[in-house]
Each structure stands twice: as C-alpha cells, then as structure tokens.
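Here the structure comes first, spelled out in structure tokens, and everything after it is commentary.
Just so we're on the same page: letters track the sequence lines, and every chain starts at 1.
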Amino acid sequence: MTAGGVVFMVLSWGLVLGLAIYSFSKVLRGK
Amino acid sequence: MPDRREHWGSKLGVILAVAGSAVGLGNFLRFPAKAVLNGGGAFLVPYFVAFLLLGIPLVWVEWTMGRLGGQHGHGTAPGMFDAIARRRAWKYIGTIGVLGPFIILIYYMYIESWTLGYTWFSFTGRLFTAGDQSSIKAFLQGYQGVAQNGFFSSVWTAYGFFLITFVVNFFFIYRGIQGGIEKLSRWGMPALVLIAILLAIRVLTLGTPDPARPDLSVGNALGFVWNPDFNALTQAKVWLEAAGQIFFTLSVGIGVILTYASYLKQNDDVALSGLTAASTNEFCEVILGGSIVIPAAFIFLGGIGAMEVVSGGIFNLGFVTMPMIFEKLPLGFLFCGLWFLLLFIAGITSSVSLILPAVTFLADEFGMTRKRATLILAAIAFAACQPVIFFLSHGFLDEMDFWAGTFFLVLFGTIEIILFGWVFGIDKAWRELEVGALIRVPGFYKYIIKYVTPIYLLTMLGVWGYQQFIPVILMENVAPADRPYIWGARGMILALWVMVGILVRVSWRRRAEREVAR
C-alpha cells in the first residue's frame, strides 16, 4: 500500500464513520 | 382507501428498513470492483462528490415526497405525483415508480435465491466438492440449469430455493410494515453488519498466506483497492461510473424510498432519517464492502488475477471466486456459508422493499386490504418470475436489469428532482423537508436540488444514453438466437407498464365517480 493509498483509505473510512456516528447518535439521542 | 394507514413503529425501525433496502449485493461486489477499475482510492473523489450532489439530494427528495404522499393516502408515485403536480399527466409518469421496482423484483429475487442455495451448499459441504475454478463455475452453471453436469441434473434445485425465497419474501410483506418489514430489518441489519465485520476481520488477518509470494500481503491487498490513480480523475467515464454507483447503492430512483416514507407520520423527521439510512449504506459499502472481496482476491490470485476477476463480472466474483478462496482457508466452509448468508440478508431486506410499492399501489388506489393486495401481487409476481428462471441463458434477466435496474432509475430520479425543485417549487418543497426535521439541512442544498442535481442527472442521462442506450436497443451484443427472448422481455415490461397505466386510469375514474356521487 502506498502513502496515497493509506491517506485515501483513512480519509474515506473517517468520513463514512464520522457521518454514521454523527447521524446515529442524533437518532438515538432523539428517542 | 383503507381507514387507517400503517406506520413504522420507531424511527430506528424505518431507518434500518430503508438502509436494508439500500444495502445489497452491490455494496459488497459492485462497489469494490468499480473502485478498482476506476482509479482505486482516487475513485472516492467523484464518489463522494456524487454522494453530496446527487445521492443525498435525491434521498431527501424521496423521503420528503414519500411522507407527503402518505398524508394524502398515496404510497406510490402515481398518486404522489398527482397530488404534488396537480396536472393530469403526472400520475401516468408516476407509473415508473410502481413498474420499476416490480421488474427489478422478479429477477432480483431469483438471484437472491441463489445466495440462499449457496448458503446451504456451503454449510453442507456440497459446494466444496468443486475443487477448482472451472469446477466451481460448472457448479454455478449446473445450478442455474444453463449446463447439465455432474453437479446438478436440472434447474429444479434452483427452483426449490426460489420457491422458499419467494414464500419468505411475501410472508414478511403479508405481516405488514411493523410486524413484517420493520422486524426483519431490526434483526437483519445488525446481523448483516456483524457477519460482514467478521468476514472483513477474517480477510484482513490473512497476513501473507503464501510464503513464496511475500508481495501478496494484506497491506498490498488493501493497496490494490485504495492506492490512488489520479489519472482517473480526468476521465469522464470515471465520474459517470461513480455517479452511477451512488445511484444504485442508495436505492434512489426506484420508488421504494417513496413508498417506505409514505408510512411515516406527518411530523416524523425525514432529514436526519434519510441521512442516517444513507450513512449506514455507505458504512457497509466503503468500509465493509471494500475489505472483503477484493483484498481476498488479491491475496490469493495476485494483482493480475484479481484484475481479471474484477473484469469478469459481479456474479463470477461472488459465486465463483469467493468460494474458491474460502476453500483454501481453515473452516472455509463456515466462512463461505457466512458470505452467502450475508448476501442473502442483504438481498431479502432489499427484495421486500421492491415488493412493497406494487402492494401499496393496489391497497391505496383500490381500497384493498394489504393482505389481499399481497396475495394478488404474489400471484402476478410468481408468473412473471418464470421466464426469468427458465430463460436465464438467453439474456432475459440482463435485459430486465438494463431497463428497470439502470435506465428507469436515472430517468425516474431526474423526473423526481424536477418535480420537487421546479413543479412543486423549491421553497414549498424545502419547507416540507424541514417539517419535523431533527437536523438543519444546509441552506445551499436548495440551490443544489434546484440546479446542480438536475444538471448532473441530465448529463448522466445524455452521455450514458448515447454510449449504452443505443447499442442495447439495437441488441448489438446479442446473439441472433437470443433475440426473440430479448423481445419477449421487452414485451413483458411493456405489457406490465400498460397494465399499471390502465389501473391508474380505472382507479382515478372510480375515485372521481365517488366524488360526484357525494
């Protein structure tokens, strides 16, 4: 894996995880 | 119209249901293949752009219009479009939102039944009697009835699994929104995520299984997926592929989200719910989907082998390559079974969503109970599934997938966004989106929904239409012997479309007569 690969994977995972955690936490809090 | 509309039991329930509808075979097979073929990590740039400018807008549009339609007693596009546009033609335009899901259903459910069959064959060890790639391929062809060999003497085993799948699907629909679909999703989605995480861990802990090939490591396998090729960003094809993948993966442009959302209550949030369902799909796609199939293929087949496999199509990847790889692992039959179980759960949560629009249409527009509508639709669907099963080798399934699974989606999505932003009016539509919203949708999305997304979609339609539509219409890649079957598939789609149109006309007439009689 190249440095670029690591960057893209970490960024992508981060964005997706961040979005999922953000939205689910709001949903569960709203209950 | 039924006295009282069903509703979802909880916000989490509808979110998991929509997420279930979206998460399918494509998350685990199509996405990673597309990424590899279109620039690796760099693919995520047009992918995220499409997510923000195409996917999320359409998600919000469908959730909003769906909820609104439900308040008017219409859970499908004909009634929704009619209520929103208040012009006669729109209820006929809306028929795509009833026809499309139904057409997809009848071939999707057959594919889904393969995953059930393969789950069984994996756990019972029958699949692993096929020792190498050509045998496993033969296994699939025997199963599908495309070839007669030592593995299967006919298509009737596949037919048996299809029957089971069919009954299970309609059973959940029969049980209704809360008792059927929501329950399935509340159990199915967590199970799906758990299994996928397990498989991802199994793949990512493979290390370097072949000491003679130290370059075939997990690190390099992930690199195969994620290493960016920035040249890809200059190619229009890549941007188009990314947009297409976002479209298919989020299940927009079909009509299922419209119908699911029609069972929301008036003040239920759509903004946060839509975003959460979409983010669940992305989690399954980018993180889990990217960590199972392609890395595994690389580790065991190397870069060239993996590239060959990726170019060979989704079915080969899922039903031939993956079993072959699992066969080499300790407890391989278990992981193989889990793989197909994963696909089956992903499939069934999607297929129930494909059934619902047609059932809802009959219930809403003809005043039938849901149970009666389910039984009627089951009969029609069963009949329609037969040619898909028996004419598989003649391209029947592929033709249906082109029209309903590709073309209708982009067309319908374009129609929806124009209806929402222009016909309904973006200001009114925006206020509707904000009703009950648990998050503030950024204001610039008004501009995106009205101008950017439509242009994006029209460009997609135009370019892709020019590149693919014409060759497919002219059957350029179809063997002459198969042409009658292609015409048969087109005839069936047309006949069903006309049928839906007639049903729309009849139901609207009856409603008008009831109004006059009052």
| message | Applying salt bridge (Lys or Arg N to Asp or Glu O under 4.0 Å), can you list everything that pairs with B/Glu285, at least two apart in sequence or on another chain? | response | none

| said: Does anything in residues 21-42 of chain B reach chain A? List residues with heavy atoms under 4.5 Å apart, or say none. | reply: B/Gly41, B/Ala42

| task | Answer with side chain, backbone, both or neither: which region of B/Phe230 has an atom nearer than 4.5 Å to a non-hydrogen atom of chain A? | result | side chain

| request: Could you tell me which portion of A/Leu15 (side chain, backbone, both or neither) has an atom closer than 4.5 angstrom to a non-hydrogen atom of chain B? | output: side chain

| Spatial distance of atom OG (A/Ser12) from atom OH (B/Tyr47) [nearest 0.5 Å] | 9.5 Å

| Are A/Val6 and B/Leu222 close enough that some pair of their side-chain heavy atoms sits under 4.5 Å apart? | no

| task | Pick one of side chain, backbone, both or neither for B/Leu438, based on which atoms fall under 4.5 Å of a heavy atom in chain A. | result | backbone

| note | To the nearest 0.5 Å, atom CG of B/Leu272 lies from atom CZ of A/Phe24 at 9.5 Å

| request: Determine which pairs satisfy side chain to side chain donor-acceptor pair (under 3.5 Å) with at least one residue from residues 49-60 of chain B, sequence neighbours left out, and list them in order. | output: none

| query | Going by the ring pair (Phe, Tyr, Trp, His ring centres under 6.0 Å) test, which pairs reach into residues 263-293 of chain B, not counting sequence neighbours? | reply | none

| said: Could you check whether any side-chain heavy atom of B/Glu282 comes within less than 4.5 Å of a side-chain heavy atom of A/Leu19, counting everything from C-beta outward? | reply: no

| remark: Checked B/Pro228, B/Gly223, B/Ser273, B/Gly290 vs chain A; the most non-hydrogen pairs under 4.5 Å come from B/Pro228

| For the rings on A/Phe8 and B/Phe48, is their centre-to-centre separation under 6.0 Å? | no

